[in-house]
Amino acid sequence: MFVLSRVLFCGGVMVPERTSLTVCQFSVVHRLTSPRKNSPYSSVDSERYSSLVKSVMSSRISSQTPESLQAEDDQVYGPVVKAQMPSRNEPRVPKILYSLLNSERAIETEDPETGPPTRIMLNRGQGRPFVPSVTRILQQTLSPEQSFYLERWKRRMIAELGEEGFKAYSQNLFKQGKDFHAALEGILTSAETWKSGNLLETSEFPPEVQGYVQSISHVLEDVRAVRAIESTVQHSALNYLGIVDCVARYKGVLCVIDWKTSEKPKPFLSNTYDNPLQIAAYAGALNSDDNYKYQVENGLIVVAYKDGTPAHAHQVNAELMSEYWKTWLLRLEDFREPRSSASSSPSPEK
DNA sequence: GGATCCTTCTTCTTCTTC
């Protein structure tokens with residue numbers, strides 16, 4: 001590559017390295033795919049130039065040495081500044097690797113005949129010890145990068161909409177999410193309305209959620225055996241709680257399901273930020289909670305769109321779930337013992 | 001009745017060219 005750049009330069013053509021690489025690759029491919037007879041050298045009078053070729057090829061000492069090339073580089077580009085390599089720390093491991101699964105519970109392959117979905121209301125009565133929630137823990141343990149981008153986004157939005165405008169915008173986003181969840185509760189509770197054969201009649205829903213319901217209709221076709229809806233789960237040992245959106249079978253697999261609304265498309269799981277951690281946290285809590293007799297090791301994040309565009313359904317299989325569970329345990333550790341690194345977050349632009 | 005809780009969302013470089 002290095003030499004090629006020079007050759008191109010010496011030929012009087014300044015070509016950026018990346019471009020010259022492409023040229024190089026192209027020429028190699030071209031040479032390999034083209035018949036030899038088309039070689040531009042085939043018409044060269046080799047007899048005439050044989051002495052020149054011999055003299056070049058027989059030269060024992062190249063005019064260019066690594067040292068001369070280095071000196072030339074230093075003159076043209078300046079001294080090499082080596083980038084600071086990121087420190088290769090060992091990946092963090094939770095201090096206590098608490099299990100996601102409950103060894104006393106079997107993984108069900110078939111569903112027992114059950115009544116309506118479980119729905120355990122949150123009960124934070126007076127005198128009960130405070131138990132932090134999944135949302136609170138995730139919010140308070142955001143990485144410096146996450147905090148930075150969120151804060152920057154907020155500043156930009158306020159600059160555009162004003163304080164009051166931004167407040168109204170945020171409230172509207174929350175309202176859409178809440179309305180969508182309310183509609184889903186109705187759909188999932190009255191199972192007959194969406195079981196196979198019965199198409200969802202979106203016009204039955206309030207206009208503001210019709211698009212979202214349309215968006216998830218293809219996902220609902222694969223949802224069966226709803227076991228829990230908007231139900232509180234609390235981890236018996238790790239002492240945190242949350243409210244799980246839904247537990248049901250998706251394509252035959254028992255899952256913790258999280259329904260989301262989004263303005264932006266989220267075609268990849270990585271677009272959902274901490275959502276996978278959220279469902280891992282719920283799954284672990286449910287698996288240890290005595291109010292539930294089964295356990296879940298898979299998850300599903302469904303991102304619905306207001307304009308009715310088909311929702312993205314991101315499956316989190318058991319293997320992925322156990323990875324997210326470990327990360328969740330780290331966030332839980334950070335929540336209980338905040339680390340000083342969080343204070344080193346860069347400040348957003350003004 | 002009022003206060004609080006959980007959840008509802010929000011982030012990922014940026015520009016040019018075709």
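These numbers come from the heavy atoms of this one structure, side chains and all, not from hydrogens, waters or symmetry mates. Here is how names work: the chains are called A, B, and so on, in the same order as the sequence lines, proteins then strands, and each is numbered from 1.
The nearest whole Å value for the distance from the CG atom in L184(A) to the P atom in dT7(B) is 17 Å. A straight line from NZ of K175(A) to C1' of dT8(B) spans 12 Å, rounded to a whole angstrom. Taking atom CG on D179(A) and atom P on dT7(B), their separation rounds to 18 Å, with Å as the unit. As rounded to whole Å, 17 Å separates atom P of dT8(B) from atom OH of Y169(A). Counting to the nearest Å, the C1' atom of dC9(B) and the CZ atom of F166(A) are 9 Å from each other. For the pair F268(A) CZ and dT11(B) P, the interatomic distance rounds to 17 Å; values are reported in whole Å. For the pair F174(A) CZ and dT10(B) C1', the interatomic distance rounds to 8 Å; values are reported in whole Å. As a whole-Å value, the separation of R152(A) CZ from dT14(B) P is 5 Å.
A cation-pi arrangement is absent between R105(A) and Y294(A), since the terminal nitrogen or guanidinium carbon is not both under 6.0 Å from the aromatic centre and inside a 45° cone about the axis.
Between Y98(A) and W328(A), the distance separating the two ring centers is not shorter than 6.0 angstrom. With ring centers used as reference points, H312(A) lies under 6.0 Å from Y305(A).
For the side chain to side chain donor-acceptor pair (under 3.5 Å) criterion with K260(A), the lone passing option out of H314(A), Q278(A), H181(A) is Q278(A).
The side chain of R136(A) lies closest to dC5(B), out of dT7(B), dT11(B), dC5(B). Of the candidates dC9(B), dT7(B), dT10(B), dT10(B) carries the atom nearest the W153(A) side chain, counting heavy atoms from C-beta on.
For Y282(A) and dT7(B), the shortest distance from a side-chain N or O to OP1 or OP2 is below 4.0 Å. Close to dC5(B), at under 4.0 Å from its OP1 or OP2, lies no side-chain N or O of S133(A).
Heavy atoms of Q139(A) sit under 4.0 angstrom from at least one base atom. Within the 4.0 angstrom heavy-atom criterion, no nucleotide atom of any strand lies near N172(A). Nucleic acid contact class of S170(A) (heavy atoms, under 4.0 Å, all strands): none. Within 4.0 Å (heavy atoms only), I243(A) reaches sugar-phosphate atoms of the nucleic acid but no base atom. Y240(A) comes within 4.0 angstrom of no nucleic acid atom, judged by non-hydrogen atoms across all strands.
Checking H235(A) against D289(A) by side-chain atom types alone, no donor-acceptor pair falls below 3.5 Å.
Listed by residue number, D258(A), K260(A), T261(A), S262(A), E263(A), K264(A), K266(A) are the residues of residues 255-266 of chain A with a heavy-atom contact under 4.0 Å to DNA chain B.
The list of salt bridge (charged side-chain N to carboxylate O under 4.0 Å, His left out) pairs with a residue in residues 268-278 of chain A, not counting sequence neighbours, reads D274(A)-R331(A).
Residues R92(A) and E333(A) are paired through a salt bridge, judged by an N-O separation under 4.0 Å between the basic side chain and the carboxylate.
Ring geometry for W153(A) versus Y169(A): interplanar angle of 30 to 60°, hence tilted.
Take the nearest nucleotide of DNA chain B for N275(A) and for V131(A): the residue whose nucleotide is more 5' is V131(A).
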